[in-house]
Amino acid sequence: MDERRSARGRSWALGAAGAAGAVALWWLFTRAAGAEDPLLAAFRPEKIPAALGELISRGVLLPDIGVSLLRLGLGLVLAVVVGLPLGLWFGSSRTAEQVAHPVVQFLRMVSPLSWAPVAVALLGVGHAPVVFLVAVAAVWPVVLGTSAGVRAVDPGHLRVAESLGATRAERLRHVVLPSIRPHVLTGVRTALGIGWVILVPAEMLGVSSGLGYEILNARDRLAYDEMLAVILVIGLLGTVLDAAARMLLRARA
């Protein structure tokens with residue numbers, strides 16, 4: 001226990017040192033180059049607290065965070081609702097997997113943002129196209145993780161359940177689903193990261209709220225310090241979300 005605690009403390013210390021070093025390099029670069037370039041001067045780290053305070057005082061940052069998290073959550077739920085059954089089907093049926101493989105591979109290789117004009121044309125502007133794009137990006141890790149989990153289930157466990165008279169639905173509920181949980185959670189964690197990356201550019205498609213919109217709004221007002229502050233908030237929130245997903249995965253393993 002002491003060794004684990006010591007290793008964890010060392011990891012935190014090294015991470016903090018790395019973050020401090022990155023901020024120091026950022027400060028040195030903007031200080032040296034910003035002396036001649038007023039645009040770079042707006043990106044100095046000491047300007048970020050005031051920019052964050054301005055965003056909060058105007059009452060836009062926290063609502064934008066809430067809206068972005070809502071869209072991300074809805075997109076992930078949609079991805080799981082669609083991806084989990086597909087993954088179960090592909091994993092349990094070799095024929096289904098072989099038939100669907102070319103289509104799945106093709107769709108996976110298409111950037112989710114390529115669907116943006118189609119989403120806007122069909123769904124209009126607002127929450128719907130953003131949620132759709134997040135779901136399109138997030139569904140494939142769920143499908144592949146679930147499918148891999150089903151194929152990894154020990155056939156012996158299924159035969160024992162069958163010999164005990166378990167129906168197909170009971171085998172699915174009591175054997176398959178508990179066995180594939182780590183694979184599904186890993187797929188959802190991957191989907192969370194991909195969905196968060198896609199969310200920000202998706203929120204630049206005609207919506208009037210969200211962190212992606214706030215970046216465009218700051219750019220249009222030439223408020224580059226606020227723009228950088230929003231980018232830092234996006235990175236921080238993404239890190240927190242991934243850490244929470246990692247903790248959940250570790251707790252459920």
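In this chain, numbering begins with 1 at the start of the sequence shown. The figures that follow rest on heavy atoms only: side chains count, while hydrogens, waters and symmetry mates do not.
Val67 approaches Ser209 most closely through the heavy-atom pair CG1-OG, 3.6 Å. Closest heavy-atom contact between Val130 and Gly126: CG2-O, 3.7 Å. Annotation for Ala245 and Leu192: closest pair CB-CD2, 3.8 Å, computed over non-hydrogen atoms. Among all heavy-atom pairs drawn from Pro141 and Ile194, the shortest one is CG-CD1, 3.7 Å. The two residues Ala148 and His183 make their nearest non-hydrogen contact at C-CD2, 4.2 Å.
Cluster membership check: Leu72 does not share its hydrophobic cluster with Ile198, using side-chain heavy-atom separations under 4.5 Å among Ile, Leu, Val, Met, Phe, Trp and Tyr. Leu84 and Val175 fall within the same hydrophobic cluster, defined by Ile, Leu, Val, Met, Phe, Trp and Tyr side-chain heavy atoms under 4.5 Å apart, directly or through other members. The cluster map of Ile, Leu, Val, Met, Phe, Trp and Tyr, joined by side-chain heavy atoms under 4.5 Å apart, puts Leu133 and Ile215 in different clusters. When the side chains of ILVMFWY residues are joined at heavy-atom separations under 4.5 Å, either directly or via intervening members, Val103 and Val99 end up in two distinct hydrophobic clusters. A single hydrophobic cluster is seen to contain both Val188 and Val150, as judged by linkage of ILVMFWY side chains at heavy-atom distances under 4.5 Å, directly or through other members.
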Hey, can you pull the donor-acceptor pairs under 3.5 Å for the side chains in residues 73-81, sequence neighbours left out?
none

Name every donor-acceptor pair, under 3.5 Å, that has one atom in a side chain of residues 228-241 and the other anywhere in the protein, sequence neighbours excluded.
| unit_1 | atom_1 | unit_2 | atom_2 | d |
| --- | --- | --- | --- | --- |
| Thr239 | OG1 | Gly235 | O | 2.9 |

Side-chain polar contacts of residues 109-124 - donor-acceptor pairs under 3.5 angstrom, sequence neighbours left out - could you list them?
| unit_1 | atom_1 | unit_2 | atom_2 | d |
| --- | --- | --- | --- | --- |
| Ser111 | OG | Leu113 | N | 3.3 |
| Ser114 | OG | Ser111 | O | 3.2 |

Listing, residues 201-208 side-chain donor-acceptor contacts under 3.5 Å, not counting sequence neighbours, or none:
| unit_1 | atom_1 | unit_2 | atom_2 | d |
| --- | --- | --- | --- | --- |
| Glu203 | OE1 | Ser68 | OG | 3.0 |
| Glu203 | OE1 | Leu211 | N | 3.0 |
| Glu203 | OE1 | Gly212 | N | 2.9 |
| Glu203 | OE2 | Ser68 | OG | 2.9 |
| Glu203 | OE2 | Arg71 | NH1 | 2.9 |

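Arg219 meets the side-chain contact (heavy atoms from CB on, under 4.5 Å) test with Leu216, Met227; sequence neighbours excluded. Scored by the salt bridge (charged side-chain N to carboxylate O under 4.0 Å, His left out) test, Arg151 finds Glu97 as partners (sequence neighbours excluded). Residues satisfying the side-chain contact (heavy atoms from CB on, under 4.5 Å) criterion with Ala96, sequence neighbours excluded, are Trp89, Phe90, Ser93. Remark: Asp225 engages no residue in a side chain to side chain donor-acceptor pair (under 3.5 Å) (not counting sequence neighbours). Residues that satisfy the side chain to side chain donor-acceptor pair (under 3.5 Å) test with Glu226, not counting sequence neighbours, are Arg58, Arg221. Every residue was checked against the side chain to side chain donor-acceptor pair (under 3.5 Å) condition with Gln98, not counting sequence neighbours, and none meets it.
In this structure, Glu214 and Leu61 have side chains that are not in contact, with every pair of non-hydrogen atoms separated by 4.5 Å or more.
No donor-acceptor pair under 3.5 Å is formed between the side chain of Ser147 and the backbone N or O of Val143.
For residues 131-141, the set of pairs meeting the side chain to side chain donor-acceptor pair (under 3.5 Å) definition, not counting sequence neighbours, is empty. For residues 99-108, the pairs satisfying side chain to side chain donor-acceptor pair (under 3.5 Å) are Gln105-Arg108, with sequence neighbours left out.
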